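In what follows, a single structure is set out as structure tokens and then discussed.
Everything numeric here is computed off the predicted structure, so don't read it as measured data. A, B, ... follow the sequence lines: proteins, then strands. Residue 1 opens every chain.
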Amino acid sequence: MLKIEGIQTFYGNIQALHDVSIEINEGEIITLIGANGAGKSTTLMSISGVEQARHGKIIFEGQDITHMDPDKIVQLGIIQVPEGRRIFPFLTVAENLDMGAFLRNNKEEIKRDIDYVYSLFPLLKERRSQAGGTLSGGEQQMLAISRALMAKPKLLLLDEPSLGLAPIIVQQIMNIIKKINTEQKTTIFLVEQNANLALKLADRGYVMETGKVTLNDTAKNLRENDAVKKAYLGI
Amino acid sequence: MDLQYFFELFVGGLTKGSIYALIALGYTMVYGIIKLINFAHGEIYMIGAFTALIIASALSFTGMNPVLIFLISTILAIIFSASYGVTMEKIAYKPLRGSQRLSGLISAIGMSMFLQNYVLLAQTSDFLPFPNLIPEFKFLEPVKSLISPSGFIILVTTAIVMILLTYLIKFTKTGKAMRATSQDPKMSQLLGINISKVITMTFIIGSSTAALGGVLISTHIGQLNFYIGFITGIKAFVAAVLGGIGSIPGAVLGSFVLAWTESFGTGYISSDYEDVFAFLFLIIILIFRPSGILGRPENKKV
Amino acid sequence: MLDIMKYFTLKEMKKSLVISIWFMILTFPIMVIKVNTIENTVVWRWASLLGMGIGSFIMATLWRYLLERKNMKSPLSTKKTLQMRVVEWANENPKVKPIALIAVSIFVLSFPFFSGLYQTSIMTTALMYVVLGLGLNIVVGLGGLLHLGYAAFYAVGAYTYALLNYHFGLSFWICLPIGAGLATIMGILLAIPVLRLRGDYLAIVTLGFGEVIRIVLENWNQFSFGPSGIAQIPRPGFFGMSMNLQTATTYIYFIMIAMVIFTIFVVRRLENSRIGRTWVAMREDEIASESMGIDITKSKITTFALGAFWAGMVGVVFAAKTTFINPASFTLWESVMILCVVVIGGMGSIVGVVVGAMILILMPEYLRAFSEYRMLIFGAMLVIMMVFRPGGIISNIRKKYKFEPAQAAKNADKEGVR
Amino acid sequence: MKRLFAVLLIVLLAGSLAFAGGDQEGGSIKIAVAGPHSGDLASYGLPTVKAAEILVEKVNAAGGLLGLQVELVIEDDVCKPEVATNTAAKLVGEKVVAVIGHICSGATKAAMGIYNDSGILAISPSATNPGLTQSGDYPNFFRTIAPDDAQAALEVAFALDTLGLSKFAVLHDKGDYGKGLADFAKLYLEEDSRAEVVLFEGVTPGAVDYTAVINKINNSGAEAVIFGGYHPEASKLISQMKKRAMDIPFISDDGVKDNTFIKVAGEYAEGVYASGPMDTATNAITILATKEHQEKYGEEPGAFYLNAYAAVLALFNAIEVSGATDYESLTNALRTSYVETTLGKIKFDAKGDAEGVGFSMYQVQNGEYIELK
Amino acid sequence: MAPILETKNLTMQFGGLTAVDNINFNVNSGEIVALIGPNGAGKTTFFNCVTGVYTPSSGDVLISTDGKAQQRINGLKPNKVTEKGLARTFQNIRLFQNMTVLENVMIGRHTKLKSGLFGAIFHPKSTLEEEEKVIQDSYDILVEVGLEKFVNELAKNLPYGAQRRLEIARAMATEPALLLLDEPAAGMNPHETKELDEMILKIRNTNDISILLIEHDMSLVMSISEKIFVVDYGKLIAKGTPDEIKNNPEVIKAYLGDVSDA
């Protein structure tokens with residue numbers, strides 16, 4: 001479904017990605033784990049076209065999207081929930097969800113999807129006319145995922161959904177991600193620092209270090225890999 | 001005190017406030033989106049007025065109906081000003097995205113100087129009379145001493161523009177995209193909003209209201225030259241900050257408050273210190289409300 | 001690496017053509033039609049349309065080329081900037097420094113004697129802006145407080161000398177410290193109400209403050225003689241010697257040279273002191289600074305006060321140099337120009353400010369050859385400089401500290417210690 | 001140290017750059033025109049440049065002065081004193097014979113000291129500050145415009161004697177010209193027992209709306225407005241007054257006695273009084289000067305054009321009469337020899353004010369300034 | 001001996017929202033205490049009340065450093081609080097990005113230095129000595145946290161983990177009696193967290209500093225803290241040793257969930 005071939009991305013004068021290649025098949029949950037600053041978020045931003053790769057190729061469903069504008073990429077069905085959730089603080093919950101459906105025009109379908117996300121997160125329905133900035137961290141994460149779902153993603157990119165959340169909330173979020181994957185058949189690319197968590201959820205995983213992919217295997221194998229155990233699982 | 005006199009000053013402030021508001025809207029919208037004090041906004045206003053003057057004069061030789069001339073030249077002034085606004089953004093501000101904020105400010109100052117001198121050289125340094133294209137109508141006595149016809153038209157236009165803008169920002173897709181972009185441009189991108197388009201749109205709307213203001217104000221005062229943008233621009237900027245920069249109702253409220261301060265200050269004290277009242281009032285307001293009257297309090301999250 | 005020839009392909013030419021057509025339409029009413037509503041005449045200047053088309057075609061190509069070059073530059077950070085190379089070269093050749101220093105000193109000292117009245121005069125003006133820039137740099141560059149009313153302090157200095165001299169006959173040298181002192185007090189008075197403000201709000205309030213001072217000077221005739229100003233202000237004296245124009249100009253030039261050296265000396269020391277560090281910390285993060293025990297209130301007041309000090313001092317020199325002052329010299333544009341000096345030169349950097357002042361003050365003077373086009377060119381230059389060099393000409397480099405290997409050896413990683 | 005080195009290096013570079021612009025010598029008479037040619041006040045400076053250009057072209061075509069071609073050196077001072085000193089220093093370096101300018105009184109005062117030290121005279125078409133001539137500090141200064149006090153006296157006398165009014169609102173535009181004039185008007189009105197100043201205010205130049213001030217005039221019970229300043233503010237004031245149905249006499253000055261004012265204010269200009277030099281409308285040179293401007297620039301001349309034209313003529317005359325270009329002969333000739341100009345037949349008095357420029361009051365009637373005899 | 005930090009009925013309200021509700025809390029000398037709770041429970045607000053960023057609506061913040069009697073510090077400005085011996089780090093790193101690593105630490109030494117304007121300009125002997133000492137002291141602190149190789153690097157160019165450590169070093173430079181750490185392990189991988197764990201213990205043991213931390217990483221919290229306070233919706237819902245907390249049903253319900261899975 002998505003094929004990343006040897007991309008190199010720069011932040012100003014710093015090369016953040018060196019020859020990163022990743023493949024994601026339809027319906028999978030793929031995870032990318034690695035330390036802070038390893039280039040995980042950059043990889044996502046390159047896919048979304050916000051930080052365009054200078055070399056290499058990104059192919060989505062047979063189409064080259066390497067140098068496409070971010071809005072075109074969203075149109076194709078690649079939606080990202082970025083790190084830190086980035087809720088629009090002064091828009092209401094409902095308006096935040098509207099923004100997710102920015103590129104869609106079919107009012108009925110949108111209505112149906114709103115009902116769907118409200119069923120996933122009943123709390124959001126209660127708070128729909130509250131400003132996004134007044135929600136708690138966990139609620140914001142729920143809203144962020146819901147907002148992305150409103151765009152009808154084929155491929156959902158999630159950047160550190162567990163960051164800064166209480167363990168109990170993290171669990172809820174992970175369950176929902178799984179649910180989205182199975183119920184909506186949405187392919188999921190999950191970037192996580194919490195490797196333990198991510199590898200439990202994912203089918204396959206990639207390990208990233210200083211801008212390079214160093215390992216790639218099934219989640220199960222990775223969890224048993226000694227190097228991974230030592231560096232990321234804290235065992 | 002004399003109530004009639006008070007009322008006169010009040011209405012005078014209302015007209016002046018509407019004038020400020022038309023220009024302050026553009027300031028505040030551009031600031032809201034790209035966090036830039038667009039120093040050259042006043043110049044867009046001036047170019048709008050000049051374009052209308054040029055087109056109206058050129059058309060007046062064809063012997064067209066003055067109302068038609070007024071409409072055509074206003075519309076063309078808006079179109080051209082919007083194009084200037086967009087071009088200016090592409091040249092002077094877009095390449096600076098992501099640089100320190102002050103660089104943008106200096107670039108805007110440079111743009112302002114450039115545009116002023118561009119008009120000065122291409123046209124003239126003299127004051128030119130602005131053709132009076134609005135059909136004259138006379139108010140009856142009690143109103144007559146309160147407000148002039150052109151002042152009244154400005155008042156009405158500002159009200160209409162305000163309502164349209166509020167509708168646009170609150171309820172349309174473009175408006176929502178603008179609000180989202182002003183809060184978090186990167187996230188907006190990730191949701192499929194084309195930021196460049198939103199910024200362009202903002203400049204188009206801001207420049208259009210400025211041009212409309214330029215035409216109406218020039219009709220009101222009957223003259224213009226290449227320098228009219230600067231002082232009015234500064235005043236409108238003060239109004240925008242007073243109301244809380246980035247907030248559209250704030251810009252309008254700030255404009256009225258500023259105009260009333262000036263009007264009553266002049267009326268009851270002295271016009272020598274008209275601007276001093278305006279600035280002192282601004283300083284006092286900002287001391288108690290550091291983000292302006294309707295501004296959002298700065299996020300002091302730790 | 002990037003070839004300009006690439007822009008002569010058909011595709012690129014087409015792009016340029018589209019841009020040039022856009023500009024031709026855009027500038028059509030203002031460039032082509034010249035109306036005169038006094039005379040009721042309309043002149044159609046078709047030639048300027050053609051000129052515009054050709055001009056914008058060339059500019060569009062050049063602009064895209066330069067912009068791409070700027071954007072491509074970043075990944076190759078190994079490539080040294082000119083600034084780095086000059087500094088390095090100077091470091092590698094220790095002998096160069098004293099020689100250059102002597103050469104420059106000779107040049108600076110002899111400048112007024114071979115260059116003539118005009119050159120000396122504008123160089124003095126440029127030097128005044130060096131000091132003004134360095135003063136504002138304390139507030140904007142180091143303290144991070146955007147200040148658009150700096151000219152007000154400048155006015156305080158100038159009026160101090162003019163008025164004290166007019167009423168009490170006080171001399172330049174007595175007024176110099178008084179002017180600086182009064183400006184400093186004004187700086188403190190301004191700082192107190194604006195303590196809570198930041199960024200653009202601070203900018204507009206300082207702008208307002210500057211305008212208030214100017215308007216008061218304009219209207220309070222009994223005090224300041226209003227817009228007609230104060231004339232016949234004496235030039236600085238030198239032990240009662242009488243001087244002709246030439247010597248007086250030269251003398252003021254040397255006073256400014258001394259003042260620049262003094263300012264650089266003091267600002268350099270301040271910058272790398274305990275106080276200077278608190279300013280930079282305040283610029284970087286106010287809340288974190290407070291948590292480190294820095295009194296933000298005090299810190300803001302000192303930046304405003306010290307910034308104002310230099311403006312007051314230069315104000316006194318200004319009054320003595322022009323021998324006439326009125327409020328027209330202290331408008332918002334003046335504050336803006338000083339801010340441009342700081343930003344164009346490179347914020348926070350002393351060398352940057354010096355370069356910025358030289359460019360901004362000397363450029364319009366040398367653009368006089370273009371007479372009426374000079375302000376147009378100047379405006380365009382500001383935009384171009386910011387687009388291609390948004391950080392200013394000279395970037396600020398933080399002071400590096402050297403550590404003896406003996407100390408560093410404690411943790412045995414010499415690599416990082418420079 | 002490193003930085004200091006760099007600083008000095010830059011000074012060196014900048015200095016050598018500065019040095020590149022040298023001056024060339026030639027067999028010509030250099031005359032300078034200085035004033036604001038850019039910025040907000042450019043409209044008051046540029047007409048002077050045009051007057052000089054027209055006359056120099058004409059005189060050169062006719063063989064020049066004293067057998068030498070006349071060369072113009074045009075310098076911008078933006079009306080700022082500090083820039084004017086640099087401009088003046090540059091003109092001294094250029095070895096000009098005389099300066100036509102400066103335009104603003106402030107800039108003029110700043111520059112005059114430098115000219116005085118260098119033996120250069122200046123004839124200003126527009127600097128009206130009385131101190132320039134009356135203080136005696138500037139022996140090298142001449143002007144072809146009446147000083148503020150003279151104009152103010154005329155206006156006050158006219159208002160009191162001819163119009164017989166007693167309650168006045170005195171307004172000005174806060175500038176050195178307008179405020180200076182208004183100050184004198186106020187002074188003379190207060191000295192006279194018949195008059196009362198009910199309002200004395202400055203209006204903010206460039207402001208978009210003067211409603212509040214107009215309300216105030218209305219409320220003050222003034223019978224007439226005396227305004228010191230230029231035509232843009234005057235036309236804004238008068239048109240907004242009339243639109244608000246306030247019809248009281250409006251008396252103003254030379255800065256308003258300008259055809260542009262009538263064009264800009266249109267019908268509202270009717271009935272406005274302004275003081276100005278006598279007999280310009282019928283003067284043959286004036287008609288010629290206006291025509292020349294029309295032909296060369298295709299538009300009506302701007303502010304102070306006629307004054308500047310007169311100044312240049314006076315200077316040319318002085319050069320021809322004295323047959324020299326040194327300071328002594330020129331000032332002498334200016335003070336002794338009458339010359340026909342756009343302002344009538346003039347010479348300069350010992351202080352530098354033009355003699356022979358009669359001043360009178362004008363009124364706008366049917367879209368034209370008509371001299372009131 | 002009085003606790004080094006004590007709050008009595010501390011309450012903080014924003015408009016109608018009560019972010020900190022009547023909290024009684026204490027840290028004794030030499031202890032490592034953790035404050036945990038769900039996001040938005042009021043932990044950071046509590047920190048801000050203690051360190052002077054906010055002035056509490058009601059209640060008392062009392063400190064007692066160097067065995068002195070308790071004093072009330074409500075409403076003192078943050079810089080005064082720091083002078084009294086409380087230093088903190090921030091949840092989202094707040095370093096002085098464009099200053100060097102060494103300078104960041106030197107700022108931390110600010111309150112321990114005296115030289116003013118006069119000293120800066122005229123460089124008397126006392127100032128020169130003071131400057132020399134502060135440079136050396138700051139360097140020593142960097143050595144202590146293992147950042148000496150970055151000494152002249154700009155703070156913004158540091159790797160993430162190093163930035164976190166630099167923040168702690170900077171806070172240490174103020175010579176605090178109590179160090180308040182706001183999510184020091186956020187964004188760190190297990191390996192880095194482990195290093196942090198050791199560093200915190202080392203700081204406590206060698207410098208005799210009490211430590212109060214907010215943290216979500218339970219492995220860190222459970223392994224180093226001696227006492228844990230749990231807040232939810234601004235209220236204190238539990239306190240005790242790590243073992244007590246782990247088994248407190250209310251805490252599990254509100255916060256931990258199934259710990260083994262996190």
Side-chain angles (χ1 to χ4, degrees), chain C residues 36-39 41 43 86-87 90-91 97 100-101 103-105 107-108 111 114-123 125-126 218-219 221 226-229 231-232 244-245 249 264 268 318 321-326 328-329 350-351 354-355 358-359 362 365-366 368-369 371-372 374-375 394, chain D residues 1-19 21 23 37-39 46 74-76 79-82 84-86 89-94 104-107 109-110 113-114 117-118 129 131 135 137 174-176 178-180 183 202 259-260 263-264 298-300:
Chain C
N36 190 319
T37 45
I38 298 176
E39 294 298 298
T41 54
V43 185
V86 168
V87 170
N91 282 345
K97 258 186 263 173
L101 201 65
V104 171
S105 311
F107 176 81
V108 167
F111 181 78
F114 63 78
S115 64
L117 188 63
Y118 170 59
Q119 302 288 357
T120 314
S121 183
I122 60 166
M123 193 52 88
T125 305
E218 217 164 55
N219 286 298
N221 271 21
S228 47
Q232 301 287 315
N244 66 15
L245 181 63
T249 309
I264 292 179
R268 260 174 67 100
F318 172 82
K321 177 176 180 278
T322 51
T323 72
F324 171 84
I325 56 167
N326 70 3
S329 301
I350 292 177
V351 189
V354 175
V355 175
M358 290 294 162
I359 289 178
L362 298 183
E365 288 296 335
Y366 294 120
R368 275 182 188 279
S371 64
E372 68 253 50
R374 80 192 174 103
M375 292 320 276
I394 308 285
Chain D
M1 205 60 201
K2 212 183 298 162
R3 299 218 182 146
L4 189 65
F5 161 74
V7 172
L8 294 173
L9 195 73
I10 282 136
V11 172
L12 187 80
L13 282 173
S16 56
L17 189 76
F19 207 53
D23 48 349
H37 304 146
S38 64
L46 291 172
I74 298 162
E75 289 297 342
D76 187 5
C79 258
K80 286 191 175 171
E82 70 275 21
T85 53
N86 288 339
K90 176 145 198 216
L91 295 176
V92 169
E94 295 269 355
C104 300
S105 296
K109 282 187 180 172
I114 293 173
D117 287 344
S118 319
N129 188 293
S135 68
D137 289 332
K174 303 185 187 175
D176 54 355
K179 193 174 185 191
D183 278 335
N259 282 334
T260 317
K263 300 281 183 186
V264 172
E299 57 188 26
E300 196 62 15

With a 4.5 Å cut-off on heavy-atom pairs, point out which of [options] contacts chain D the most.
options	answer
T249(C), N219(C), T323(C)	N219(C)
T120(C), N221(C), I359(C), I325(C)	N221(C)
T125(C), L117(C), L245(C)	L245(C)

Heavy-atom contact with chain D under 4.5 Å, split by part of S329(C) | both
With sequence neighbours excluded, tell me which residues meet side chain to side chain donor-acceptor pair (under 3.5 Å) with S228(C).
-> none
Side chain, backbone, both or neither: which part of N129(D) has an atom under 4.5 Å from a heavy atom of chain C?
-> side chain
Return yes if some donor-acceptor pair links the side-chain N/O of K90(D) with the main-chain N/O of I122(C) below 3.5 Å, else return no.
->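 Not at all, since once roles are kept as given, no pair shorter than 3.5 Å links the two residues.
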Quick one: salt bridge (charged side-chain N to carboxylate O under 4.0 Å, His left out) partners of E82(D), sequence neighbours excluded?
->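 Partners of E82(D) by the salt bridge (charged side-chain N to carboxylate O under 4.0 Å, His left out) criterion come out as none, since no residue qualifies.
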What's the separation between atom [atom1] in [X] and atom [atom2] in [Y], rounded to the nearest 0.5 Å?
X	Y	atom1	atom2	answer
E218(C)	D176(D)	CD	CG	9.0 Å
N326(C)	C104(D)	CG	SG	8.5 Å
I114(D)	Y118(C)	CD1	OH	12.0 Å

Of the non-hydrogen atoms in P227(C) and G175(D), which two are nearest, and what is the gap between them?
->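 Smallest interatomic distance, heavy atoms only, reads CG-O, 3.5 Å.
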